[in-house]
Structures are given as C-alpha cells and as structure tokens.
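Structure first, then comments.
Proteins come first, then strands; the chains are lettered A, B, ... in the order of their sequence lines, and each starts at number 1.
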Amino acid sequence: MKTIYFDHAATTPVRKEVIDKMYPFFNEFYGNPSSIYDIATISKSAIEDSRKIIASVFNADAGEIFFTSGGTESDNWAIIGTALANEKKGKHIITSSVEHHAVLHTFEYLSRHGFEVTYLPVDENGKVKIDELKKAIRKDTILVSVMYANNEIGTIQPIEEISNICKDRKIIFHSDAVQAVGQIRIDLKKTGIDLLSMSAHKFNGPKGVGALFIRKGTKIDNFLHGGAQENKRRAGTENVPGIVGMAEAISLAYENMEEKNKKIIKLRDKIIDGIKNNIPHVKFNGDPVDRLPNNVNFSFRYIEGESLLLMLNMKGIAASSGSACTSGSLDPSHVLLSIGLSHEVAHGSLRITLGYENKEEEVDYLLQILPGIVQRLRDMSPLYDEFLKGEGDKNVQ
Amino acid sequence: MYSKKVMENFMNPKNVGEIDDASGIGEVGNAKCGDIMKVYLKIEDGIIKDAKFKTFGCGAAIATSSMATQMIIGKTVQEALELTNKAVVEALDGLPPIKLHCSVLAEEAVHAALWDYAKKNNIEIKGLKPPKEDISH
Ligand SMILES: [Zn+2]
C-alpha cells in the first residue's frame, strides 16, 4: 500500500533536485571548508553561496545567517545566548505557552539557572494576547520569544505587533519560525525580528541542518565553542551537503510560492469543510484566518487520537495527533490545553499537514474513510454512550 | 510499535458492547493518559458467562480490553479476580513500556465490575479491594 503522507509539520520528503545538489559534496567536494586546497575551497564557496541564497529569501544580509544543526540548536542558541549575554541588564525573559518544546524546555532550563520566566497565555485560537505581553514586560526584561506559527494548530502569531513592542522597549525578540519558513514570506528588513530560527527538513530539505538569523548588532553569546567556523560564531565543521541542500530547498520553496499556496489552501479548506460537514461533534482547532496554508487540526469528541492514527495508518494514511514530540509523554498536547480544550477533547485531536506533493485524490480518500473510522471508535467509547444517553434524557424531558 | 497480537485485538476487538442485565459493571479511568474503560459482566453460579466492554483510549487500551474480556469468560469469579495485567500483556505478546500502565486499567475495570457484583449481591469475594475513585471526565 502506498503511504499517503499528511504529516509535513513533522518532516517532509527531500526533493530530488535537492538531493542532486547535495550529492557531489559527499564524495567529490568532500574537503573540509577550513582547509586551503581546491576541493576545500569549493566547499567553502558553496557554503557562502548558500548563505547568500538563504539571506535573499528573507531580505537579510548574508552576514546575518548562521548555519546550525537544525531548529532545536537555533532555538537553544538564540535563547541561552541572549540570556547569558544580557543578564547584567536583567534576568526576566518572556515566551508563550504554545511554543515548541525546543523553546519551552530551554526556558525551563534557564529558570533553573536564575532567570525568571513569564509564559504568555493565548486566546482560544492560539494567538498571544498583546495586552498580556505589554503587562508582562518589565524593566529587567531582556528577551521575548514567540513562535512565528504554531506546529500543531497552524496559528500565525501577530509577529509584527510583537516585534514593534519589543523594538520600542529595546528588548531582543526571537521567533521560532521553523514551521513558517518555506510556507510564508518573511521580510526581515520590514519586520523587526532580531533572531529567527529555521530548519531545512520542514521545507523539503535534509534533516540535521538549519540556521539562525542574527540581526546585525544583536547582543548574543556563542553557544557551541571550538573552531572559528561561521565567522567565529558557531564552532564545528560545517555540514556542507546539508547547507547546500537547505539553500536549494529554500529557493524551490519560495519559487511561485503564492501559486503553490493557493493549491495547498484549496486542499486544506476542502478537508476542513469535509470534516465539518460530514462528521458530527468535532471541534476545529486554531485560527480560521491567520493560519498556515498546510495545517488542519480537529478534535473528534468521545474518541482518542492514537487509536484514530492507528486506524488511519492501517488505511495507508500518515497523520499526527498533537505534536509527534508529545507522544513520548502521555499528557495531551500543551498547545491544545492552552487554547482551553479539556484533556479528553485534547486527546481526540488529529493534525493533518499537507505538502506540495499531496494530490486532491488523496484528500478525497481521507474524507471518504474518516467518518467511518471515527464512528467505529465512537461505537466502542463509553463517553459516546454517555453522550447518547444524555441526549435521550433530554428528549424525554 | 505494537505487536501483531495487539494490532489484531485493536483492529478487530472482541466483546465490544454492553450487557443490559449485567451482574456487575465497572468503570475506571485515567484522564491523563486518556483511557477510560467500562466492563460489563454477566455472572451465573459464580461463573463469568459473558463480558463486554466499552473503551475510550489508545490502541493498547482497546487491545487489553479485548484480551482481558476474552480471558475471563468461562472463568470463576475467583479466577477472574486473579487475572493480572501482566498475564494480559503476555497474551498480547507484550506492550511498549510506556503503554504498560494502559493495561493496568483492564485489570482494574474487571475488579471494579466484580466489586459492583459483590456489592449488589451482598457477597464477599476474598481478596477483592474497592476500586479507586479516579474517574475524571
Ligand atoms: Zn493509553
């Protein structure tokens, strides 16, 4: 059975064009970029060309792009590096309650090391409340970190407003844009983000490579110490094939983006409408308007998400319930709890995230089998029984 | 992630349903993991004649419900009481460590149903403890 892959927020397939670009850097131009002979200088200039390509996508300067091992490292570097470089100014740092664990756990780490953290609440669509941010900011606030778009429910945050607030108060603003990069245009000359994290495998690039944008003049410590790579900012021999692949993947992602997004949004909305119209007792999660083009998230009442995923998997469909990283723990997703869902409703969530290679037939197939699967699980559920009996009582009254 | 046995019991669970004139009903749950299990027993002359279940939960929870009910049908009340979650897990060819606690629920649900039966009939079942009151939904 061919897999229908609907989990692009977890990771994406690497495009053939990307693999082709990467390939020679494994066994032909394998030289260490820090060396001086020819095959090494080819690696070196491949890195610098990639940096320029990536910078131009964000209207940034090449000198502001630093390669890392991925989104997690970029987030750790941005947050810990800023906190340590600015701790004399203050030890108060702010983030939101719906961040990825790479951000949340890093803030928790800092809170164990003398920093005071404020977690901003979000509204029922998952958006950070601007008033709460203004209230939270203090004299000793040195960093605000709010994600560009949420990995679970696809909500795009009011980044422009947040960045203006931080700029006015001279607070460093970091945004984890791992889910946004490759899906929406970000102009870093227009938007006052100081630090922006990205990861190549979320936009059809390879795993194990990412970048951190550091606006010129931002006070931040190094995170990985060692050699003089990345303009002495990030030590470690560069992942040359990965970097080359990331640049190719980002170019492809931003080529005709509006046109591609139109197609993906059409599929996304077909799934949303199909679920709303054909399955009762569902809750649509996330913002209906400020939403990533590829994200669908619903809670199906009275059933549990893992059994739903297992049944979909038996039918060849790969999707997710909450964050894939959340499945290691048994609590329902912190994002779904933050937008006010009960534990039970949060447990019954399904996330479908589309990619450029998804086809309308795949969406039709999902919509064809999903109502039956949901009903099958409801027929096994004591909660659904209770609901039906409750309805019966109401009818009697 | 799951064994073939678990997947079989999950995809085609046995004994899903309710018993209208059940001798005992037990409901246990754990909102944290998201598993709630309700077991219905039909007991005649100290023998489990029938067992049915309804479960809200993950693959492991549904599979253990299916397996546990199969294992107690035809057994005496005392034998049913002695069914451990370990035996259910073994019958399923194992569960991932993180899912072991879901299997505890099946044992607890059976015990809760036996407790209900004992209470209704004013009898004492040796070794049976009252069920935990942590159903939260
Ligand atoms: Zn479970």
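- Under the 30°/60° scheme for interplanar angles, the aromatic rings of His8(A) and Tyr5(A) are found to stand perpendicular.
- Only the side chain of Met314(A) comes within less than 4.5 Å of a heavy atom of chain B; its backbone N, CA, C and O stay farther away.
- Of the listed residues Gly17(B), Ala60(B), Gly57(B), Ser65(B), the one with more heavy-atom pairs under 4.5 angstrom with chain A than any other is Gly57(B).
- Nearest heavy atoms, Glu357(A) versus Pro13(A): OE2-CG, 3.6 Å.
- Within the 4.5 angstrom heavy-atom criterion, no atom of Ala61(B) approaches chain A.
- Proximity to chain B is limited to the side chain of Arg376(A), based on heavy atoms less than 4.5 angstrom apart.
- Looking at Asp379(A), the atoms closer than 4.5 Å to chain B (heavy atoms on both sides) all sit in the backbone: N, CA, C or O.
- Between Tyr384(A) and Tyr302(A), the ring-plane angle classifies as tilted under the 30° and 60° cut-offs.
- You'll find the side chain of Val6(B) stays beyond 4.5 Å of the side chain of Asp93(B), heavy atoms only.
- Between chain B and the options Leu377(A), Ile303(A), Asp385(A), heavy-atom pairs under 4.5 Å are most frequent for Asp385(A).
- Asn125(A) pairs in a side chain to side chain contact (heavy atoms under 4.5 Å, CB included) with only one of the listed residues (Asn285(A), Asn150(A), Asp287(A)), which is Asp287(A).
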